[in-house]
Amino acid sequence: MTEANIAWTVPVELDLHCGLTRRFCNVYDALDFLEAEWPTRRGIAYQRAVLLCRNALRSPRASELARAAFIAAADEAGMPQCTDPSRLISFRPHRKAVA
């Protein structure tokens, strides 16, 4: 299964505790963050989000359900959705202009 199969129709942008804003475009992004960088590893919404993201890796139809669970877990952890897109940090490299 490719990332394109589980991409969300609308990315999730969260205001992280460190002050950065981060965009999550698919189940892979969300599950990686939940398992490797999540500030707390407890809570009903957190556990549900991990379970639904793992299920969505096997069934792309569950992708949007996993997205909703990820947003609920973020709310539970005190990471609201971003309201100011200009604060968004991109981790993708920029191409240099060719002269």
Side-chain angles (χ1 to χ4, degrees):
M1 183 171 305
T2 66
E3 279 189 45
N5 291 344
I6 54 171
W8 290 331
T9 54
V10 177
V12 175
E13 296 171 354
L14 298 179
D15 290 330
L16 306 182
H17 292 146
C18 64
L20 297 176
T21 298
R22 187 159 165 196
R23 175 179 284 164
F24 301 89
C25 297
N26 56 48
V27 174
Y28 283 120
D29 291 347
L31 185 58
D32 181 57
F33 190 70
L34 285 163
E35 292 182 335
E37 301 178 57
W38 202 254
T40 61
R41 299 274 192 309
R42 60 180 179 261
I44 294 171
Y46 169 79
Q47 293 170 354
R48 184 174 294 136
V50 170
L51 177 67
L52 290 172
C53 284
R54 287 179 182 161
N55 288 344
L57 293 178
R58 292 187 298 265
S59 174
R61 291 179 290 167
S63 178
E64 293 300 319
L65 185 58
R67 180 184 180 277
F70 181 66
I71 292 170
D75 287 341
E76 178 183 73
M79 292 183 290
Q81 290 192 65
C82 176
T83 57
D84 182 7
S86 67
R87 295 184 50 222
L88 184 64
I89 301 297
S90 174
F91 294 101
R92 295 185 181 180
H94 298 287
R95 291 185 175 205
K96 292 182 180 178
V98 178

List for me each residue that meets side chain to side chain contact (heavy atoms under 4.5 Å, CB included) alongside P80, sequence neighbours excluded, and say none if there are none. D15

Extract all donor-acceptor atom pairs below 3.5 Å that involve side chains of residues 44-53 and protein atoms in other chains or at least two apart in sequence.
from: Y46; atom 1: OH; to: L34; atom 2: O; distance (Å): 3.1

So OG of S63 and CG of N55: to nearest 0.5 Å the spacing works out to 12.0 Å

Given side chains that start at C-beta, do those of L57 and Y28 come closer than 4.5 Å, heavy atoms only? yes

Scanning both residues in full, the closest heavy-atom pair of H17 with A77 reads NE2-O, 2.9 Å

Should the ring pair F24 and F70 be called parallel, tilted or perpendicular, given that the plane angle runs from 0 to 90° and is split at 30 and 60? perpendicular

Residues 31-42 vs side chain to side chain donor-acceptor pair (under 3.5 Å), sequence neighbours excluded, gives R22-E37, E35-R54

Of all heavy-atom pairs linking V12 and L14, the shortest is CG1-CD2, 3.7 Å

Test side chain to side chain contact (heavy atoms under 4.5 Å, CB included) applied to V27 and W8, step by step: CA-CA 8 Å; V27 174; W8 290 331; 3.7 Å; yes

What residues join V10 in its hydrophobic cluster, counting side-chain heavy atom gaps under 4.5 Å, either direct or through other members? none

Just grab all the salt bridge (Lys or Arg N to Asp or Glu O under 4.0 Å) pairs involving residues 62-72, residues at least two apart or on different chains. none

